[in-house]
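Okay, structure first, notes after.
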Amino acid sequence: MSLIELKGIKKSFYGVEVLHGVDLTLRPGTVHALMGENGAGKSTLMKVIAGVHKCDEGTILMDGKEVRINSPSEAQSLGIAMIHQELSPVREMTVAENIFLGREPSRMGFIDYRKLYAQTSDLLEKLRIPINPKSKMKSLRVADQQMVEIAKAISQNARIVIMDEPTSAITDNEVDSLFAMIEDMKAHDVGIIYISHKMGEIFRIADDITVLRDGTLVNTWPASEVDNDTLIKQMVGRELKEQFPKVAAPIGETVLEVKNLSLTGQYEDISFELHRGEILGLVGLVGAGRTEVMRSIFGMTQPEKGEILLNGKPVHMKSPADAIKKGIAYVTEDRKGEGLILPMSVFKNTTLSALKDFVKTGIIQDVKESKAVDEQVKALRIKVNNLKLPVKSLSGGNQQKVVLAKWMITGPDIMIFDEPTRGIDVGAKAEIYKIMCDYVAQGHAIIMISSEMPEAMGMSDRIIVLSNHKCSGELDRQEFSQEAIVQMQFKYM
């Protein structure tokens, strides 16, 4: 008997149907991978199961009996837990308080904090997650916040666990730990619905695979009966000829130079050059200092020592606004917290960083603004039925595309991409890579932080490796090898 069975699920938002009668069956003790491009309806379908959204039509059966799931609390009472793609921690609360929020142990009507922290410590130790239960969520890296969300779901002893892009922000070692947890859950007949754009993960852990395209069920297969190419073709409705469409551009003069940049506890003695026409990859383990260096270049933090030169002239980035004026854009890895204003429309988010370009004598030129937005939506294949919809209504991947559009529309000379394709499907990745290649071919330059080794090697002209806050090596494209990069990543560990 199935754990849960969905029949004919339909769902509409703002009068537009986004799920068109979808079926899905989850067996106990299995991992069921749910695949599809961004906007295919994966997260929406899972939110129906998790009680976040109510379906408009269709039936949900658990253990063969029809159920109605009207809220997350009802889903939880039925043994359903969900790890959301978009993290929503209570940032001012501790790790322990977040994990057991609403389920805290109590004593005489008050929260028993000694027991709460003890339970959390035991849970994190069991899951091999080295995080202090008393740390506030706001102090954690995105990767650590993701691991806390995973621990929270597992702590609920759920029969069904939905994982929406659970590895998008964690390291390879943490992925191994997660997969060990999954195997343990399977052994206890827990069913897992797993959403990921990382093909290697899917074929490593999935028992069954379902593909959605534009809110419609394409097919379901045993994982052993479908290969990588077939799966991609079913997802995007076409064949992808190249995974990394890297086109060599003429490398020009130095546009950015960083000399001996240091910030205590963040990075130390960082030096590198960036040239016109170049994609410079910045690689390192999580916590190596990659993002921290880029945030200083963009004026979000101030280095204690060192120098930054633009086109040969020393500059001091006092703020992000200062960096933008000097032609630098920064695509953050945290699109929800830093990249977008979620309640604001897709249209307004897209032009947010370039409003001055559409103003004449104090009046916004609507036609010019609309044309610019339409060009970005088309170029990035952003799936949205109405540009007036709040950006929070889009899938995670389409939200990421809006972040890219927001910066592309400003026409910067240097773009910093921090994990630019995290949570983006294979078809959209290829399109973003092409946009990056076109951008540097026009004489601009890119710094790309990536935790995906194939991406870093496939798209970079040079790679700088950081290890424990220091530069540990530099490789030209003809020197790239995974072994060499890994050795450099551990040089100062």
Side-chain angles (χ1 to χ4, degrees), residues 3-4 43 46-47 49-53 62 67 69-171 174-175 177-195 286 334 336-337:
L3 268 179
I4 192 167
S43 294
M46 294 303 96
K47 287 178 180 178
I49 298 176
V52 177
H53 299 320
M62 289 190 67
V67 296
I69 307 174
N70 297 312
S71 67
S73 60
E74 288 187 15
Q76 186 175 319
S77 69
L78 291 168
I80 300 170
M82 182 170 180
I83 301 168
H84 292 272
Q85 178 182 4
E86 296 295 340
L87 302 178
S88 300
V90 184
R91 295 173 60 82
E92 293 294 335
M93 296 178 75
T94 66
V95 169
E97 289 168 328
N98 270 267
I99 289 177
F100 289 99
L101 188 63
R103 302 178 292 125
E104 302 92 343
S106 61
R107 183 180 181 187
M108 299 178 66
F110 295 94
I111 295 175
D112 186 342
Y113 279 98
R114 179 177 295 180
K115 189 173 182 180
L116 173 66
Y117 289 127
Q119 286 182 349
T120 305
S121 182
D122 289 345
L123 174 67
L124 295 177
E125 185 176 346
K126 176 185 175 184
L127 299 178
R128 292 181 290 172
I129 300 175
I131 298 174
N132 187 336
K134 297 182 180 180
S135 297
K136 285 196 173 183
M137 291 296 289
K138 67 179 182 181
S139 70
L140 301 185
R141 300 172 300 138
V142 173
D144 288 333
Q145 292 181 23
Q146 182 73 73
M147 294 306 291
V148 171
E149 283 295 310
I150 292 168
K152 180 177 181 179
I154 292 174
S155 74
Q156 296 173 22
N157 296 316
R159 299 176 62 211
I160 297 168
V161 177
I162 301 165
M163 299 186 176
D164 193 351
E165 298 285 355
T167 65
S168 63
I170 64 178
T171 66
E174 289 163 333
V175 170
S177 296
L178 173 62
F179 287 177
M181 299 175 205
I182 288 174
E183 289 300 325
D184 183 64
M185 288 188 283
K186 286 174 63 176
H188 290 85
D189 281 338
V190 175
I192 295 137
I193 303 177
Y194 194 94
I195 299 175
V286 172
D334 183 6
K336 185 174 181 180

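All residue numbers refer to positions in the sequence shown, counting from 1.
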| said: Working note: Y194 + T167, criterion side-chain contact (heavy atoms from CB on, under 4.5 Å); need CA distance, chi angles, decisive distance, verdict. | reply: CA-CA 10 Å; Y194 194 94; T167 65; 3.4 Å; yes
| field | A75 versus G51, closest heavy-atom pair with distance | value | CB-N, 4.2 Å
| remark: side-chain contact (heavy atoms from CB on, under 4.5 Å) with I80: of R159, Q156, M62, only one passes, and it is M62
| task | Kindly compute the distance separating CD1 (I83) from CD1 (I162), expressed to the nearest 0.5 Å. | result | 10.0 Å
| request: Using the test side chain to side chain donor-acceptor pair (under 3.5 Å), find all partners of K115 that sit at least two apart in sequence or belong to another chain. | output: none
Kindly list each side-chain donor-acceptor pair under 3.5 angstrom involving residues 120-135, sequence neighbours excluded, with atom names and distances?
unit_1, atom_1, unit_2, atom_2, d
T120, OG1, L116, O, 2.8
N132, OD1, K134, N, 2.9
S135, OG, N132, O, 3.4

Determine all donor-acceptor pairs shorter than 3.5 Å in which one atom belongs to a side chain in residues 180-193; sequence neighbours excluded.
unit_1, atom_1, unit_2, atom_2, d
K186, NZ, D207, OD2, 3.2
H188, ND1, D184, O, 2.8

| field | Q76 side, atom CD; L78 side, atom CG - distance, nearest 0.5 Å | value | 10.5 Å
| Where do G79 and A158 come nearest, in terms of heavy atoms and distance? | O-CB, 3.3 Å
Listed pairs under 3.5 Å, donor-acceptor, residues 93-111 side chains, sequence neighbours left out:
unit_1, atom_1, unit_2, atom_2, d
T94, OG1, E97, N, 3.1
T94, OG1, E97, OE1, 3.2
E97, OE1, T94, N, 2.8
E97, OE2, Y113, OH, 3.2
N98, OD1, V90, N, 2.9
N98, ND2, V90, O, 3.1
N98, ND2, T94, O, 2.9
R103, NH2, I99, O, 2.7
R103, NH2, S155, OG, 2.8
E104, OE1, G102, N, 3.3
E104, OE2, G102, N, 3.2

| Does a side-chain heavy-atom distance below 4.5 Å link M82 with D164? | yes
| Just how far is it from atom NE2 of H53 to atom CG of N70, taken to the nearest 0.5 Å? | 14.0 Å
| task | With the side chain counted from C-beta on, respond yes when V161 and I154 share a heavy-atom pair under 4.5 Å apart, and no when they do not. | result | no
| task | Output, in order, the C-alpha distance, side-chain angles, deciding distance and verdict of side-chain contact (heavy atoms from CB on, under 4.5 Å) for R91 and K136. | result | CA-CA 7 Å; R91 295 173 60 82; K136 285 196 173 183; over 6 Å; no
